[in-house]
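Working notes, beginning with the structure itself.
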Amino acid sequence: AQKVTQAQTEISVVEKEDVTLDCVYETRDTTYYLFWYKQPPSGELVFLIRRNSFDEQNEISGRYSWNFQKSTSSFNFTITASQVVDSAVYFCALSVQTTGANNLFFGTGTRLTVIP
Amino acid sequence: EAQVTQNPRYLITVTGKKLTVTCSQNMNHEYMSWYRQDPGLGLRQIYYSMNVEVTDKGDVPEGYKVSRKEKRNFPLILESPSPNQTSLYFCASSLSSRDAPYEQYFGPGTRLTVT
């Protein structure tokens with residue numbers, strides 16, 4: 001069975017602080033994919049990133065960076081110099097090849113509030 | 001504009017009254033899916049479809065039906081809604097692959113309340 005744990009239910013930071021959102025996953029599949037989605041207050045879901053299990057390189061996109069570590073089954077997301085527009089619920093998700101690579105298993109989400 | 005549309009966006013109904021939430025995409029995607037979002041539970045998959053006339057259960061299919069008669073449409077049917085189906089529903093679509101997932105595009109959501 002697949003499982004995604006986002007232990008941080010809510011986080012508040014002051015603008016310009018860095019913040020890391022944790023994601024721990026469980027799967028017995030050797031081929032899997034990890035995702036982050038953002039859900040701003042308007043409610044839509046915005047795709048941020050996809051990684052596959054064979055690519056452990058960290059990725060940076062502007063103020064966003066992702067740290068994938070297979071040894072700890074974690075795929076953490078860091079926002080550098082946070083801004084008010086980063087306030088949202090962030091979901092980590094997992095898909096595995098054996099049950100259909102498009103079928104996403106979501107974590108429970110982390111609500112990030114950036115205080116001006 | 002590439003998009004996934006859902007209708008209605010908001011719906012209040014009573015127990016037992018059949019309803020349909022429509023989902024349509026204009027990107028010629030093979031794969032479509034329905035999720036429900038509940039506080040503290042994240043999003044959970046209800047049903048998905050790999051292509052026309054091909055549907056399968058997700059994690060929480062009880063009480064729901066779907067059909068995929070056309071590539072662009074994937075309606076969600078609640079034949080006898082109950083209060084525990086009060087939730088926020090999202091439709092999603094993407095290109096299809098069993099081997100590697102493509103980015104999924106989500107609709108704006110439908111907030112359903114069953115009294």
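Order of the sequence lines fixes the chain letters, A, B, ..., with proteins taken first and strands second; residue numbering starts at 1 for each chain.
Heavy atoms closer than 4.5 Å to chain A are found nowhere in B:Y105, neither backbone nor side chain. B:L41 touches chain A through its backbone: at least one of N, CA, C or O sits under 4.5 Å from a heavy atom, while the side chain does not. Neither the backbone nor the side chain of A:Q6 comes within contact range of chain B, judged by heavy atoms closer than 4.5 Å. Only the side chain of B:D59 comes within less than 4.5 Å of a heavy atom of chain A; its backbone N, CA, C and O stay farther away. Looking at B:Q45, only its side chain comes within 4.5 Å of chain A, counting heavy atoms on both sides. Heavy-atom distances place the side chain of A:F105, and not its backbone, under 4.5 Å from chain B.
Taking the six-membered ring where tryptophan is involved, the planes of B:Y35 and A:F106 are perpendicular, since the angle between them exceeds 60° and thus also 30°.
Here B:K65 pairs with B:E79 in a salt bridge; the nearest charged N to carboxylate O distance falls below 4.0 Å.
Within a 6.0 Å sphere centred on CZ of A:F54, heavy atoms belonging to other residues, nucleotides or ligands number more than 12. Enclosure of atom CZ in B:R111 is not indicated, since only 12 or fewer non-hydrogen atoms of other residues, nucleotides or ligands lie within 6.0 angstrom.
Listed here is the closest heavy atom pair of A:R51 and A:E56: NH2-C, 4.4 Å.
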Which is it for A:R50 and B:E103 under the salt bridge (charged side-chain N to carboxylate O under 4.0 Å, His left out) test, yes or no, and what are the steps along the way?
CA-CA 8 Å; A:R50 179 194 75 192; B:E103 175 186 347; over 6 Å; no
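The choice from A:F47, A:Y32, A:F91 that makes the most heavy-atom pairs within less than 4.5 Å of chain B is A:F47. Annotation: maximal heavy-atom pairing with chain A below 4.5 Å, among B:Y31, B:F90, B:Y102, B:F106, occurs at B:Y31.
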